[in-house]
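Throughout, a chain's letter reflects where its sequence line sits, starting with A, and its residues are numbered from 1. Because the structure is a prediction, the values reported are computed rather than measured.
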Number of protein chains: 2
Amino acid sequence: MTRREFGQHCGLARALELVGERWAMLIIRELLVRPCRYTDLIEGLPGIPTNMLSTRLKELEQAGIVERRIASAPQRGVVYAVTEHGRSLEPALIALAVWGNTRLNEQQPTDLVPPSSLVISMRARFNREAAGGMSAVWEIRVPETVLHAVVTDGQLTAGIGPAPSKPDLVVTVPGEVVPTFRNVLEAIAAGKVELTGRRSLAGAFTRVFTPQQQALSVSARTV
Amino acid sequence: MTRREFGQHCGLARALELVGERWAMLIIRELLVRPCRYTDLIEGLPGIPTNMLSTRLKELEQAGIVERRIASAPQRGVVYAVTEHGRSLEPALIALAVWGNTRLNEQQPTDLVPPSSLVISMRARFNREAAGGMSAVWEIRVPETVLHAVVTDGQLTAGIGPAPSKPDLVVTVPGEVVPTFRNVLEAIAAGKVELTGRRSLAGAFTRVFTPQQQALSVSARTV
DNA sequence: CCGAATCCGCAGTGATACTG
DNA sequence: CAGTATCACTGCGGATTCGG
């Protein structure tokens, strides 16, 4: 067993061998939100050593999780993206993020809030039932960052940047709010945001991004 | 930012800070299946250095994920168990294991199959709908290991060891089958197992532990 | 026997500088 | 922009030892 293998025929151990190294999941988080150039990744992962990023990208490419593309016409250069197999990690990554969020309030957020983290939060909290057959385009502006959420026939597309089409509602969050996604929802509820467009879609936003109470997946009582 | 922190206010990063270190998730896997003594953990995690186990247990206890109990009358000594908060990691751990399982068939299983991994597989594959209001007690015997699955009113309790009450059906898997849970299901389907008890519950077992096709949780298309 | 603590060598990591 | 190169550091693996 080479150093990084666990020597167990177990799905969890295998997953950890593939994406359990330091920074790997955070790199995948960035790429699940959007394809990135090398410098985008460095910006989204402050503090990551460049040699580490380079090493991880190679390993993840080797593992078939990440793909290295040579971008064509408009922006030439290298672009990294998740493969289909990498995208299938999203549920697990979201499950981890949801769990970690319950432990996040313990610390005061002197740390920065990465935009990709907000997008993951939106995807994590998306309530399929509440979205029903709805269609709407939101644009969320927090200081330094613009996000969008598009619901089309109950399907969510959430990402970084301005809305791809004219937004039905633009929500501008004031600078004094620490830009957690929960704080954004609170600010909306408290009327502390600026709304431009169909203001009635503010309530819908809150409903669509408030998950229903979910039962624990498995009774795991030990006898 | 101390070495092991990422300096990001992000649920995923926080989760990785708490349980992202080497061996941590595997220790939690063992404890999610049953409370363990120090030596149980060493046995379930072959290759783990004892100092590492000791260190991780302290960290996880510090983080409120694991609890150190002094066992009373029957078996005295120290017993480790997950706290309620640690138990809430199960969905994320299972999601990772499910993903890793898709990458498991690539390698031939010269590695051992930890019993706890089989229990996690059962919990991961449990089909709530198929279980309906059913009640049944199964005991699965693979070489070296005995497992049990109890379904009571559609609720699953799966663990290591013989069934806590008289099993309705005992499934004995022959030694030549590599004891993956999928292989166990295949062996049942192929009639390669020995059945003792209500043989009709063999088909029910397969149905209860075959998950329904699940849609991807979020459309994550980038625009 | 259980539940560790201690020591050492090395691989993985972090920080910075540098280059095609 | 997209990485290498270098080097110090520390977490990890492996073994041994130690106290209840």
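- Separating the CG atom of A/L53 from the P atom of C/dG12 is a distance of 18 Å, rounded to the nearest angstrom.
- In terms of the side-chain hydrogen bond (donor to acceptor under 3.5 Å, both in side chains) criterion, B/R182 has no residue partners (sequence neighbours excluded).
- Rounding to whole angstrom units, CD of residue B/E5 and C1' of C/dG14 are separated by 15 Å.
- Contact annotation: A/Y38 side-chain N/O to D/dT4 OP1/OP2 distance is not under 4.0 Å.
- Residues A/E43 and A/Y38 are not in side-chain contact: their nearest non-hydrogen atoms beyond the backbone lie 4.5 Å or more apart.
- When the P atom of D/dG14 is taken as reference, atom CG of B/L45 falls 14 Å away, rounded to whole Å.
- Regarding contacts with the backbone of D/dG13, a side-chain N or O of B/R22 is found under 4.0 angstrom from either OP1 or OP2.
- When distances run from any side-chain atom of B/V78 to the nucleotides D/dG14, C/dG12, C/dA4, the shortest one goes to C/dA4.
- In this structure, A/K58 does not reach the D/dA2 phosphate: none of its side-chain N or O atoms is under 4.0 Å from OP1 or OP2.
- Between the CE atom of A/M52 and the CG atom of A/L45 there is a distance of 12.0 Å, given to the nearest 0.5 Å.
- For B/W23, no side-chain nitrogen or oxygen approaches OP1 or OP2 of D/dG11 to under 4.0 Å.
- The residue among B/S54 and B/T39 whose nearest nucleotide of DNA chain C is located toward the 5' end is B/T39.
- Put simply, CD1 on A/I48 is 13 Å from P on D/dG3, counting in whole angstrom units.
- Summary of the strand contacts: B/R68 and A/M52 both lie near DNA chain C, and taking for each the nucleotide with the nearest heavy atom, the more 5' one is attributed to B/R68.
- Straight-line distance from the CD atom of B/E21 to the C1' atom of D/dT10: 12 Å, rounded to whole Å.
- Straight-line distance from the CD atom of B/E59 to the C1' atom of D/dG11: 10 Å, rounded to whole Å.
- Between A/I70 atom CD1 and D/dC1 atom C1' there is a gap of 12 Å when expressed in whole angstrom units.
- Between the CG atom of B/L26 and the CG atom of B/L53 there is a distance of 11.5 Å, given to the nearest 0.5 Å.
- Among the protein residues, B/T50 comes within range of the nucleic acid bases, having at least one heavy atom under 4.0 Å from a base atom.
- Between B/E30 and B/S116, the side chains place a donor N or O and an acceptor N or O closer than 3.5 Å (distance only, hydrogens not considered).
- Between the CD atom of B/E43 and the C1' atom of C/dA4 there is a distance of 18 Å, rounded to whole Å.
- A donor and an acceptor atom never sit less than 3.5 Å apart when one is taken from the side chain of A/N51 and the other from the base of D/dG3.
- OP1 or OP2 of C/dA11 has not a single side-chain nitrogen or oxygen of A/R4 nearer than 4.0 Å.
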